[in-house]
Amino acid sequence: MPELPEVETIVRDLRPHLVGRAIAKADLIRPSVLRFGQPDSFPFRLAGQQIRAVTRRGKFIHLRLSEGDDLVVHLGMTGSLTMASASTPRALHTHLVIDLDDRSQLRYRDPRRFGRVLLGTPAQLSRLGALPRLGPEPLARGFTESGVAESLRATSRQIKAALLDQAVVAGCGNIYADEACFLARIRPIRRGSSLTRAETTRLLLALPLVMREALRLRGSSFSDFRDGFGAKGEAHEALFVYGRGGLPCVRCGATLRQTRVGGRTTVYCQRCQR
DNA sequence: CCCCTATCCTGAGGGC
DNA sequence: TGCCCTCAGGATAGGG
């Protein structure tokens, strides 16, 4: 599941191939993936526009286009956005293909279809609430002082459920929520209101740490994640707890406990994490 | 307002 | 081998 480090890996991969390129043609193979914008006019609106910038906000990828549009992509659970040559056969579940003026292609694929594509000017997208409100960026300067600590300590929800809320922290998903809780030695099932200031501080230091390390390793590829060229990352081999329920804790050797928080599989060490 | 659960969807993996 | 069942989860609608 692409979270912040995976999405950032893709953005950095794609940026040098996309910026400055013009869109020659767009093929919206499965119109239902377009959640904002008109499917019928979509190809005409994109054709001829130049890609000016490729950026990320939370788990959203933004292609800023020359006529003022943003083409926005969210990868959901199983989405991928990759460069390909026009001669490569398209994989099953490819929903959008964009031909560029250098005869390369940008392909959007998403078997499970939890992802989405949006097209509009930033004003249109924000005016009609097409994009959700997003909290601070964990990798931005000032993250630990951004007010996240206060919102975590103010909620009665389980701390991991709050971390997964994109309005609280942008870009955090199931993997790195578990990893950050482990590194901070905090039980993910604790209520936010039960955390001390010292504990929220540890958590807000741990989250960027685990994300930077995952970014260095080009993301976690459990089943579906692929970078901008279709290759796997290596961060999943370095994870402390995610996917390791029932296995020994890397720190103390105790058996890692697996439960559910907010409908998500959650793994933690009963001895290390209080 | 706040919190929680069900829902969308396909493919992988287990059991028999 | 093949069939059926369960499970994985990001975002969000709707209920309590």
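Order of the sequence lines sets the chain letters (A, B, ...), proteins ahead of strands, with each chain counted from 1.
If you take CZ of A:Arg191 and C1' of B:dC2, they are 12 Å apart, rounded to a whole angstrom. What separates CG of A:Asp165 from C1' of B:dC2 is a distance of 11 Å, to the nearest Å. Here the P atom of nucleotide C:dG10 and the CG atom of A:Leu118 are 18 Å apart, to the nearest Å. Distance A:Arg109 CZ to B:dT10 P: 12 Å, rounded to the nearest Å. A:Arg133 places its CZ atom 12 Å from the C1' atom of B:dC1, with the value rounded to the nearest Å. Nucleotide B:dC3 holds its P atom 17 Å from the NZ atom of A:Lys160, rounded to whole Å. Atoms CG (A:Leu75) and C1' (B:dC9) sit 16 Å apart, rounded to a whole Å.
Residues that satisfy the ring-ring contact (aromatic ring centres under 6.0 Å, His included) test with A:Phe240, not counting sequence neighbours, are A:Phe182. For A:Pro248, the side chain to side chain contact (heavy atoms under 4.5 Å, CB included) test picks out A:Arg244, with sequence neighbours left out. Contacts of A:Ala84 classified as side chain to side chain contact (heavy atoms under 4.5 Å, CB included), with partners at least two apart in sequence or in another chain: A:Arg107. In this structure A:Arg216 satisfies the salt bridge (charged side-chain N to carboxylate O under 4.0 Å, His left out) test together with A:Glu213, sequence neighbours excluded. Taking the side chain to side chain contact (heavy atoms under 4.5 Å, CB included) definition, one finds that A:Ala231 meets it with A:Asp227, sequence neighbours left out. Annotation: side-chain hydrogen bond (donor to acceptor under 3.5 Å, both in side chains) contacts of A:Asp70 (sequence neighbours excluded): A:His62. In this structure A:Phe60 satisfies the ring-ring contact (aromatic ring centres under 6.0 Å, His included) test together with A:His74, sequence neighbours excluded. The side-chain hydrogen bond (donor to acceptor under 3.5 Å, both in side chains) test applied to A:Lys59 returns no partner, not counting sequence neighbours.
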Show each protein N/O and nucleotides 4-8 of chain C N/O combination with a separation under 3.5 Å, one pair to a line.
from  : atom 1 : to       : atom 2 : distance (Å)
C:dA8 : OP1    : A:Thr265 : OG1    : 3.3
C:dA8 : OP2    : A:Arg260 : NH1    : 2.9
C:dA8 : N3     : A:Arg112 : NH1    : 2.7

- Could you encode protein contacts along nucleotides 11-16 of chain C as a string, one character per nucleotide from 5' to 3', using B for base contact, S for sugar-phosphate-only contact and - for no contact, with a heavy-atom cut-off of under 4.0 Å? BS----
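Taking only side-chain nitrogens and oxygens, A:Thr155 comes nearer than 4.0 Å to OP1 or OP2 of B:dC3. For B:dT10, the OP1/OP2 oxygens have no side-chain nitrogen or oxygen of A:Thr78 closer than 4.0 Å. For the OP1/OP2 pair of B:dG11 and a distance below 4.0 Å, the side-chain nitrogens and oxygens of A:His93 include at least one atom meeting the criterion.
Residues A:His17 and A:Phe229 place their aromatic rings such that the two centres sit under 6.0 Å apart.
Rounded to 10 degrees, the angle between the two end axes of the helix from B:dC2-C:dG16 to B:dC16-C:dG2 is 50°, with five pairs used at each end.
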- Task: Give the intermediate values and the outcome of side-chain hydrogen bond (donor to acceptor under 3.5 Å, both in side chains) for residues A:Ser87 and A:Ser85.
- Result: CA-CA 5 Å; A:Ser87 56; A:Ser85 80; 3.1 Å; yes
Can you list, pair by pair, the side-chain donor-acceptor contacts under 3.5 Å of residues 137-147 of chain A, counting residues two or more places apart and other chains?
from     : atom 1 : to       : atom 2 : distance (Å)
A:Glu137 : OE1    : A:Arg56  : NH1    : 2.8
A:Glu137 : OE1    : A:Arg56  : NH2    : 3.0
A:Glu137 : OE2    : A:Arg57  : NH1    : 2.9
A:Glu137 : OE2    : A:Gly58  : N      : 2.7
A:Ser146 : OG     : A:Phe143 : O      : 2.5

